[in-house]
Undergrad: 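Got a structure for you, questions after.
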2 protein chains.
Amino acid sequence: MKLEEAKQQFINSWGAFGTNWGINRTMAQIHALLLINPDPLTQDDMMEALNISRGNVNMNVRDLIGWGLAERVILPGERKEYFTGEKDIWKVVKQIVKERKKRELEPMLQLVDKLEQTEGDRRDRHVKAFMDTIEGIKKLGKYADKTLDTLIKAEEHWFVSNMMKMFK
Amino acid sequence: MKLEEAKQQFINSWGAFGTNWGINRTMAQIHALLLINPDPLTQDDMMEALNISRGNVNMNVRDLIGWGLAERVILPGERKEYFTGEKDIWKVVKQIVKERKKRELEPMLQLVDKLEQTEGDRRDRHVKAFMDTIEGIKKLGKYADKTLDTLIKAEEHWFVSNMMKMFK
DNA sequence: TTGAATTTTCAAATATTATTGAAAATATTA
DNA sequence: TAATATTTTCAATAATATTTGAAAATTCAA
């Protein structure tokens, strides 16, 4: 397979992959494009590579920046803005984990803390089932929170070699 | 807060949470409903609790069964079908991990195996950047695959206590 | 400053995904 | 077997999410 075809396949698959994770297709495709491009790209480059409008590129690039997955680059002497993506996949994963933890896990933990205060007699099987679920989620959620914090701070080799010990 | 209000909040939040993960709102809400209900429910119960149509319940319950998160229950003497959900959150998490690994990680690994065959001279910076990305994803993907297999097979207490050692 | 280049915004258009509801299929009981 | 209850399907509809494109805002060089 030729490079151009392979790139196209990668971009399409990364886009489809993203949609399974609640990320819009275009944002994931732009991310793919930045991952595989050695040099920074302009918004026009992305419009052309993905066949999408200026507004679409602009919004999604800014979203990617918000996720910490892309950044603006100033090239001396150039008028236009350029953008690059983090190339180290381990760092990409850590960044995504960090953001999703902040955006989703933390609000979920806040919710269960609140729902834990629900009134009612546990001898009522409905009350009990509800409270058991909430407590189960809280316990596992807090544990996930700590685990993910460890991952976010970890160096790849440290994390991998620690995990390896579990596989034996 | 009263039980009914708390249940409603939990169902709504679980639904919203699902949409961030590429899972449709109704499926996540039905799952929430099954999580917090001590007894099996009929499709009519779910229609009423969530204010949705029969067809919608039916499709989403079957999807949940496909994900291994709900199952049909036969109650002796009852004409209607009943459904329950797994209550143990650790098992729920393992089941979701197992399914997403099969549906997403494995196809992704197949893709990178294929894209690794891309022709081209690595002295070309574009070829090199592409191949580096693909190889990075492959390496981390294979590692994730093993880690998740360990998680899927693990007992909660074993897994937790192993992870604890990393936090120290 | 000015004005050309560039980026950003956002209402409207389009595309995608989810939901309904009624007909068809299936299962159950008498 | 026929009558009835229940489940399933799926075309039509509705709801949601994404994309466009042109106007407004901003930036920058002279």
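Every chain is numbered from 1 and lettered A, B, ... according to where its sequence line falls, protein lines coming before strand lines. In this text, all values refer to a predicted model and were calculated from it rather than measured experimentally.
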Undergrad: Taking for each residue the nucleotide of DNA chain C with the nearest heavy atom, is it A:Lys80 or A:Arg62 whose nucleotide lies nearer the 5' end?
TA: A:Lys80
Undergrad: Can you tell me if the side-chain N/O atoms of A:Asn58 get under 4.0 Å from OP1 or OP2 in C:dT8?
TA: yes
Undergrad: With a 4.5 Å limit on heavy-atom distance, are the side chains of B:Arg125 and A:Asp39 in contact?
TA: yes
Undergrad: Once you measure the plane-to-plane angle for A:Phe130 and B:Phe10, does it fall in the parallel (<30°), tilted (30-60°) or perpendicular (>60°) bin?
TA: perpendicular
Undergrad: How many Å lie between CE on B:Met46 and P on D:dT6, as a whole number?
TA: 15 Å
Undergrad: For the residue pair B:Leu151 and B:Val97, establish whether any side-chain heavy-atom pair is separated by less than 4.5 Å.
TA: yes
Undergrad: Taking side chain as C-beta onward, heavy atoms only, is A:Val92 less than 4.5 Å from A:His31?
TA: yes
Undergrad: Does any part of the side chain of A:Lys7, heavy atoms only, come nearer than 4.5 Å to the side chain of B:His126, both counted from C-beta?
TA: yes
Undergrad: Given the rule in the side chain to side chain contact (heavy atoms under 4.5 Å, CB included) test, do B:Leu75 and B:Lys80 qualify, once you have shown the distances and angles that lead to the verdict?
TA: CA-CA 8 Å; B:Leu75 294 192; B:Lys80 287 187 180 180; over 6 Å; no
Undergrad: Could you encode protein contacts along nucleotides 17-30 of chain D as a string, one character per nucleotide from 5' to 3', using B for base contact, S for sugar-phosphate-only contact and - for no contact, with a heavy-atom cut-off of under 4.0 Å?
TA: -SSBB-----BB--
Undergrad: Both atom distances under 3.5 Å, Watson-Crick or G-U wobble: I'd like the secondary structure of DNA chain C as a dot-bracket string, with | for pairs made across strands.
TA: ||||||||||||||||||||||||||||||
Undergrad: Roughly how many Å is it from CG in A:Asp44 to C1' in C:dT6, rounded to a whole number?
TA: 9 Å
Undergrad: Identify whether NZ of Lys or CZ of Arg in A:Arg100 sits under 6.0 Å from the centre of the six-membered ring of B:Trp21 and within 45° of that ring's axis.
TA: yes
Undergrad: Find out whether the Lys NZ or Arg CZ of A:Arg62 is both under 6.0 angstrom from the six-membered ring centre of A:Trp67 and within 45° of the ring's axis.
TA: no
Undergrad: Tell me: CG of A:Leu75 to P of C:dT6, nearest whole Å?
TA: 13 Å
